[in-house]
Amino acid sequence: MRRSRYLLNTLKETPKEAVVVSHQLMLRTGMIKQLASGIYTYMPFGLRAIRKVERIVREELDRAGCIELLMPSVQPAELWEESGRWKDYGKELLRIYDRKDNAFCYGPTHEEVVTDVVRREVRSYKELPLNLYQIQTKFRDEMRPRFGLMRGREFIMKDAYSFDVDDTACDASYWLMFDAYKRIFERCGLEFRPVEADSGAIGGSFTHEFHVLASSGEDQILSCNHCDYAANVERCEVVEPSPSSPETANEPIKVATPGQKTIEQVAEFLGVTAKDCVKTLLVKRDSDMLVLALRGDRTLNEAAVKAAFNLPVLEMVGEDEARALGLVPGYLAPMGLDPSLKVVVDPEVLAMTEAVVGANEEDRHVKGVCPAVHFDAHQVMTLREAEAGETCPRCREGILESWRGIEVGQVFKLGLKYSTSLGATYLDDQGKSQPMVMGCYGIGITRTVAAAIEQNHDENGIIWPAQIAPFHVALLNLDPEDEQVSAAADSIYSALGKRGVEVLHDDSTERPGFKFKDADLLGFPIQVVLGKRSLNQGLVDLKMRRTNEKRSIALAECVDAAVDALRELGWE
RNA sequence: CGGGGAGUAGCGCAGUCUGGUAGCGCACCUGCUUUGGGAGCAGGGGGUCGCAGGUUCAAAUCCUGUCUCCCCGACCA
């Protein structure tokens, strides 16, 4: 492809609406154009990257025995009423009405449709297992679309659905997909982690999220440096210490701490560390509240509290509200409170022997408290978030490392939810009707491209992994007016093409500096540079985008050299 | 949905307070010079000033309404 004949306009300046790198670079490289909030045109250069990811996904899923189909994007409301989600799904579901005022939605996902397909097609256990997938445009009417393709409303997703005879068979399908996902993201050339996740309200025994590691990721994940354990920080387990024995308890001493309310203030005032203090938090629950106690240096795991007490949102009790109930914010302690208040204590707190807590009165704290003895704990549960550096809760040998991640895929064991509500059944070898056990498996294709850029860029622009680069090579002709140079460029172009290398040939009349900057921005893994200055000595230049390594190579050898370099970068 | 901000040429912005011929940089077109890291000079094309009302001799500018976009929060496979 000749740059001069390609639709590709790059920008020197960054459009102001873009705040994350992938969005900025996608706009500057002209990969995407916004049409409405969260809705983008995939321009030719961007589409090539998307297609690369799709190709890898198809190859790996086909290899894993999945079968591709394509379902409608517009779906009738009746199906969603059958599954119960017409009313449960909420405003994210884009509901539309045809000329007869029949209700439809634009599909945000396809459990209903695929289950409908299978219940009509599959009769016998002999036809199972079955795993159907599609790559298709979805629409979710997000409250707040942002970050370009990272959280758009319209996006391209690969969704797969497995159907099995029983739970054991479903597990096998699940792990088959788990392995396929690992191969997919490896082949995309991305650093990633599969992490354990919460199966949520739908139930089911397990689910994993696949995260691309990038400092800008929205999720914090922890992974063991020794075993395979990795989890979202919201769900990461911790190794709990054993509680201290009552014999170690001393008599607590009340001390004056005028004006010292935060953990930091109290610790400094009393000459101890945050680890020696107990943090007491008040959380609203329906009509009453929960009293939560965790070590002063720890962070509350809000997701865990919400899940354990079935709270849709986590809301702290305000200072005025607390005072109205006779509590003293800043000087709270989970002891000596009204017995009707439910006190939940983190196990780590019960291991403390000489803790500092509030005195439940103004300007006073208490030292030397032994929580295992003195606290009124109604319940003990892990309230804190795990942190980097802790012992792995699974193998107990490794250490947890912290990463930021972008969720690009999820594998999920669905169970019987849709097969039951929609009646997807088969006859087993006894001739008995059984519901199929389902799994669902998503990959955000467009989000994966965005995540690839988040993970692979520098101050000059994108650095594409060779496997998903829109073009492998930028062929920069610095002297397009010169016949010899142009002839050499043309021959390199066609020779690379014959080797299966995709080349964007910059034959424009821009000045050299412009072409270099442009090629860096666009992120081609390799640049082949031709100008009369070096060609007069029979040389062309090869530049590696990621390392900035530059080599002068004889014209006759440059095609081989470029191909070799690409293979080293993981090109297949 | 709550809070904040912005809509003026493809992109980035000034002009709005204090009403009076719509501007600048980048990009685009022409010419000359330049040519190995986003060139210089000269000339040129392109704008219903988000939209709809209103005030006024006169509205990008003042008033009212409305739409859209962005940011923070809540939410989220």
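The chains referred to below are lettered A, B, ... by the order of the sequence lines, with proteins before strands, and numbering in each begins at 1. The shown structure was predicted, so the numbers you read here are calculated from the model rather than taken from an experiment.
Looking at Arg119(A) and Tyr418(A), their side chains never bring a donor and an acceptor atom within 3.5 Å of each other. Using a 3.5 Å distance cut-off with no hydrogens or angles, the side chains of His23(A) and Glu17(A) do not pair a donor with an acceptor. There is a side-chain donor-acceptor pair under 3.5 Å between Asp62(A) and Tyr133(A). Residues Thr207(A) and Gln410(A) have side chains that bring a donor and an acceptor to within less than 3.5 angstrom of each other. Using modelled atom types, one finds a donor on one side chain and an acceptor on the other under 3.5 Å when comparing Asn456(A) with Arg546(A).
Using a 4.0 Å heavy-atom criterion, one finds that Gly442(A) contacts no nucleic acid atom at all. Base contact: Leu521(A) has a heavy atom under 4.0 Å from a base atom. As judged by a 4.0 angstrom heavy-atom cut-off over every strand, Lys550(A) is placed among the base-contacting residues. Counting any heavy atom pair closer than 4.0 Å across all strands shown, Gln34(A) reaches sugar-phosphate atoms only and no base atom. Within the 4.0 angstrom heavy-atom criterion, base atoms lie near Lys543(A). At the heavy-atom level, Glu13(A) lies under 4.0 Å from base atoms of the strands shown.
Partner assigned to rC1(B) is rG73(B), using Watson-Crick or G-U wobble distances below 3.5 angstrom. Pairing for rC11(B) is with rG25(B), a Watson-Crick or G-U wobble pair whose two hydrogen-bonding atom distances lie under 3.5 Å. Across all strands shown, rG38(B) forms no Watson-Crick or G-U wobble pair with both distances under 3.5 Å. Pairing of rU68(B), defined by two Watson-Crick or G-U wobble distances under 3.5 Å, is identified with rA6(B). The partner of rG53(B) is rC63(B), by the rule that a Watson-Crick or G-U pair needs both atom distances under 3.5 Å. Nucleotide rU16(B) forms a pair with no other nucleotide shown, judged by Watson-Crick or G-U wobble geometry with both contacts under 3.5 Å.
Going from atom CG of Leu11(A) over to atom C1' of rC26(B) covers 9 Å, rounded to whole Å. Between the C1' atom of rC76(B) and the NZ atom of Lys138(A) lies a distance of 17 Å, rounded to the nearest Å. One atom, CG of Leu530(A), and another, C1' of rU35(B), lie 16 Å apart when rounded to the nearest Å. As a whole-Å value, the separation of Glu302(A) CD from rG73(B) P is 13 Å. Distance Met316(A) CE to rG73(B) C1': 15 Å, rounded to the nearest Å.
Shown here are the salt bridge (Lys or Arg N to Asp or Glu O under 4.0 Å) partners of Asp541(A), two or more places apart in sequence or in another chain: there are none. Remark: Glu385(A) engages no residue in a salt bridge (Lys or Arg N to Asp or Glu O under 4.0 Å) (not counting sequence neighbours).
For Thr14(A) against rG12(B), a side-chain-to-base donor-acceptor contact under 3.5 Å is absent. Put simply, the side chain of Asp541(A) and the base of rG36(B) share a donor and an acceptor less than 3.5 Å apart.
To the nearest whole angstrom, the two C1' atoms, one in rC62(B) and one in rG19(B), are 8 Å apart. With both ends at atom P, the span from rU34(B) to rC41(B) equals 15 Å, rounded to whole Å.
Here the side chain of Arg151(A) is nearest to one of rG12(B), rC71(B), rC76(B), namely rC76(B). Side-chain atoms of Phe147(A) lie closest to rC71(B) of the nucleotides rG37(B), rA74(B), rC71(B). Closest to the side chain of Glu510(A), from the set rG36(B), rC28(B), rA74(B), is rC28(B). Minimum atom distance to the side chain of Arg533(A) is reached by rG36(B), of the listed rG36(B), rC71(B), rG12(B). In the set rC72(B), rC69(B), rG38(B), the nucleotide with an atom closest to the side chain of Arg146(A) is rC72(B).
Note on Arg144(A): a side-chain N or O is less than 4.0 Å away from OP1 or OP2 of rC71(B). In terms of phosphate contacts, Ser37(A) brings a side-chain nitrogen or oxygen within less than 4.0 Å of OP1 or OP2 of rC70(B). Between Gln527(A) and rG37(B) there is no side-chain polar atom (N or O) within less than 4.0 angstrom of OP1 or OP2. Between Lys306(A) and rC75(B) there is a side-chain N or O to OP1 or OP2 distance below 4.0 Å. Under 4.0 angstrom from either OP1 or OP2 of rC13(B) there lies at least one side-chain N or O belonging to Lys16(A). Contact between the side-chain N/O atoms of Arg511(A) and the OP1/OP2 oxygens of rG38(B) is not found at any separation under 4.0 Å.
Each of Tyr89(A) and Lys12(A) has a nearest nucleotide on RNA chain B; the 5'-most of these lies closest to Lys12(A). Comparing Asp518(A) and Glu92(A) along RNA chain B, the residue whose closest nucleotide (by nearest heavy atom) sits nearer the 5' end is Asp518(A).
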